[in-house]
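Below is one structure, written out as structure tokens, with a few remarks after it.
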Amino acid sequence: MSREEMATILEEIALLLELKDENPFKTKAYRAGAETVRSFPDDIVALAAANELKGVKGIGEALRDKLHEMATTGTLAFHTNLRAEFPSGLFELFELQGLGAKKIKTLHRDLSITSIADLKQACIENRIAGTPGFGEKTQKNLLEAITHRESHVGIFRLGTVAHVVEDLLQQLREHPDALRVAACGSYRRAKETVHDIDLLVATAAPAELTAYFTSLHGIQKVLAHGETKASVILDNGLQCDLRAVSNTQFPFALQYFSGSKEHNVALRQLALRKGWSLNEYDFTQVRDDAAPLPNVHEEKDIYQALGLQFIEPELRENLGEIEAAQEGTLPRLVEWSNLRGTFHNHTTESDGKNSLEEMAAAAQELGLQYLGIADHSKSSFQARGLHEDRLLQQVALIRELNAHDKNFKIFAGSEVDILKDGTLDYSDDLLSQLDYCVASVHNLFSLSEEDMTKRIIRAMENEHVTMLGHLTGRLLLKRESYAVNHSKIIDCAAETRTVIELNCNPMRLDMDWRWWHRARDKGVLCSINPDAHATAQLQFLHFGARLARKGWLRRDDVINTFSLEKITAWLQQPKAQR
DNA sequence: CTTTCTCTAAAGTGCACTGTGGCCAGTGC
């Protein structure tokens, strides 16, 4: 049994105990146990099997025994028995906004509802309103939550698919007949969410490659399997297509299947003007007076033949990139390797999983020169936000650690809550003692657009606010953005010299890439921040770089490409002069 | 269920919002 499986079972037990109305602290202990298992810095499965978990914080006698049972037998009787008490469909009900254990229990007990499908039917038949604890409004809200969820079935976050895709690519590359391998489609264009994955392989033996592909590990179902194309559903429900083409067709197929559709339509029109037709396999002459066909070995040759600069995949949305490529004015996009540090990260002081020292070590290992620590402020109770004295202690510790290391620097900051009226959770005096500050909204999401915009603008006007955190608060495929006027925020950021964060936690990717081009043109600077709550999450910076590219950002538009010397001096300047 | 200012029993993030049902309960951050 894997570490992840053990953690998932503990989490499931927590849900089941909630349904049984157990002591809330008991359920919390199981959830905490799941987290401990996930982030344990050693081989916890082996330790559990050997019964050597005594003394691990958060794992007491009961969890120790259960982990031992799972690690040795592969199952847990306690869990199996508990599961048998409830229908399995109940679990999906937890995914609906507004439903928790208590209400699910009532729905199950009073209305025999055991799945989302049941619930939907009951809402439509008006059977929910009138049940104790449920009224007209709740029924309407539930129906909306179900609709919202349905419209997102089959959509996946970039962060969810990235490692699956990279794994499939690696397996394909290992096949001796695979000459070139690539992922295309919206994944290659770095869309924040994707519907499916398009893989491409150049080979002289297409049938062997498609057969190999359909037999790979992690495939739930084969939808179609032909000579040059195969479609499968992966274990996580994601559809994945493979196309096998010849080596000469490869650049055309790569270009074609990378899209976007709109970008390709515009490209084909350009080709027609030269007398060529462009499809997924080659150029062909369609007029007698056509120019001679170009030699194409790589994707960039296609763009060159059409009189264009090479257009990076992230930009291919037909949002001005073709015109810019004709004029030769495409930006040189920022790259992951340009990043020297990052600013919005948490530690165990608030809701992070790793200590200050561990986070700093991980950042160094990643090749960064500096790391900004921005734990939550006191109003974020749920995240164990820091009161003034704890923040000052943290600052002192950071100063002390910095004194020992000349090659790496920790910046002392805070993710300070923007309160309802736009004032901040700490005094100006305290904020002035920090190296920088990220200001974020964490509550009262239902304010009107006008009030929310005013609230955020007031915060940006504070001279101590270096940057604005996750502008819209969205959680991709889970929670809508709160209402906020992007244009006004961008204008204000330009005026007040407030940096806007590109929060690159794959759940957020906020501010949205569609706004960055405009912000950049107004002179707004970007900070790519992983919002890391654990050392491994510093890797989210990879997604950040890709989304920044998608937003047309160059190296100099992103402050965490600045060297340690430059960023140190930059932070010390008064905000108005940055 | 775990931890501890412990040795057997108590304490364990706390507030705001929504909607329902009569001044509270459930959910979410």
Side-chain angles (χ1 to χ4, degrees), chain A residues 9-37 53-67 76 78-79 82 93-110 123 128-145 346 348-352 375-387 390 415 417-421 425 440-448 451-452 455 469-470 472-475 478-482 505 507-508 531 533:
Chain A
I9 287 182
L10 293 183
E11 264 168 0
E12 224 174 270
I13 291 174
L15 285 182
L16 288 159
L17 292 178
E18 271 182 345
L19 285 172
K20 291 185 66 131
D21 235 346
E22 260 285 6
N23 175 353
F25 295 107
K26 192 188 270 198
T27 57
K28 203 179 155 192
Y30 277 98
R31 282 216 175 86
E35 267 317 308
T36 305
V37 169
L53 287 176
K54 207 173 169 81
V56 175
K57 207 167 161 58
I59 307 285
E61 204 181 337
L63 285 183
R64 200 157 62 227
D65 288 347
K66 291 186 174 73
L67 288 173
L76 181 62
F78 178 71
H79 171 245
L82 207 51
L93 290 170
F94 280 97
E95 292 167 26
L96 296 175
Q97 190 93 22
L99 275 192
K102 298 282 169 58
K103 288 193 163 167
I104 290 174
K105 198 182 162 195
T106 306
L107 290 170
H108 181 217
R109 192 191 53 219
D110 293 3
C123 285
I128 300 296
T131 306
F134 295 79
E136 290 287 341
K137 196 73 185 263
T138 305
Q139 178 169 287
K140 185 168 151 282
N141 288 343
L142 284 175
L143 206 48
E144 274 169 18
H346 297 270
T348 42
E349 273 302 304
S350 64
D351 57 350
D375 271 317
H376 286 284
S377 63
K378 61 188 183 212
S379 287
S380 281
F381 324 93
Q382 78 285 350
R384 304 203 317 123
L386 279 62
H387 275 272
R390 280 173 64 213
E415 182 181 17
D417 269 35
I418 301 176
L419 306 179
K420 184 175 183 181
D421 62 356
D425 203 15
S440 306
V441 166
H442 285 117
N443 60 6
L444 300 170
F445 294 161
S446 52
L447 289 187
S448 70
D451 288 345
M452 187 63 92
R455 174 187 187 185
H470 46 70
T472 74
R474 74 177 180 188
L475 296 177
K478 193 168 173 195
R479 186 176 74 205
E480 294 293 324
S481 307
Y482 40 73
N505 184 311
M507 287 295 291
R508 297 185 182 271
D531 203 347
H533 285 71

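Each chain gets a letter, A, B and so on, in the order its sequence line appears, and its residues count up from 1. Everything numeric here is computed off the predicted structure, so don't read it as measured data.
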Looking at [X], I'd like to know whether one of its side-chain N or O atoms comes within less than 4.0 Å of OP1 or OP2 on [N].
{"X": "S379(A)", "N": "dC15(B)", "result": "no"}
{"X": "T138(A)", "N": "dT20(B)", "result": "yes"}
{"X": "K102(A)", "N": "dA25(B)", "result": "no"}
{"X": "N141(A)", "N": "dG19(B)", "result": "yes"}
{"X": "K28(A)", "N": "dT13(B)", "result": "yes"}
{"X": "K66(A)", "N": "dC1(B)", "result": "yes"}

Please tell me which of the listed nucleotides, [options], lies nearest to the side chain of [X]?
{"X": "K57(A)", "options": "dC1(B), dC29(B), dT3(B)", "value": "dT3(B)"}
{"X": "Q97(A)", "options": "dT3(B), dG14(B), dG28(B)", "value": "dG28(B)"}
{"X": "K26(A)", "options": "dC1(B), dT27(B), dG14(B)", "value": "dC1(B)"}
{"X": "F25(A)", "options": "dC1(B), dG26(B), dC29(B)", "value": "dC1(B)"}

_I'd like to know if R31(A) pairs up with E35(A) as an ion pair, taking the criterion as any Lys NZ or Arg NE/NH1/NH2 lying under 4.0 Å from an Asp or Glu carboxylate oxygen._
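Judged by the 4.0 Å cut-off on N to carboxylate O distance, R31(A) and E35(A) do not form a salt bridge.
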
*For DNA chain B, whose closest nucleotide is more 5', that of I104(A) or that of V56(A)?*
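Mapping each residue to its closest nucleotide by heavy atoms, the 5'-most match is V56(A).
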
*Want to settle it: does S446(A) or H442(A) sit nearer the 5' end of DNA chain B, counting the closest nucleotide to each?*
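Here S446(A) is the residue nearer the 5' end.
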
*Just call it for T27(A): base, sugar-phosphate, or nothing, with non-hydrogen atoms closer than 4.0 Å on any strand.*
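Answer is nothing: T27(A) stays at 4.0 Å or more from every strand.
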
*Least distance between heavy atoms, L10(A) atom then A34(A) atom*: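 Smallest heavy-atom distance, with atoms named: CD1-N, 3.8 Å.
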
*Can you spot which of E415(A), R384(A), E349(A) makes a side-chain contact (heavy atoms from CB on, under 4.5 Å) with D375(A)?*
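By the side-chain contact (heavy atoms from CB on, under 4.5 Å) criterion, D375(A) pairs with just one of E415(A), R384(A), E349(A): E349(A).
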
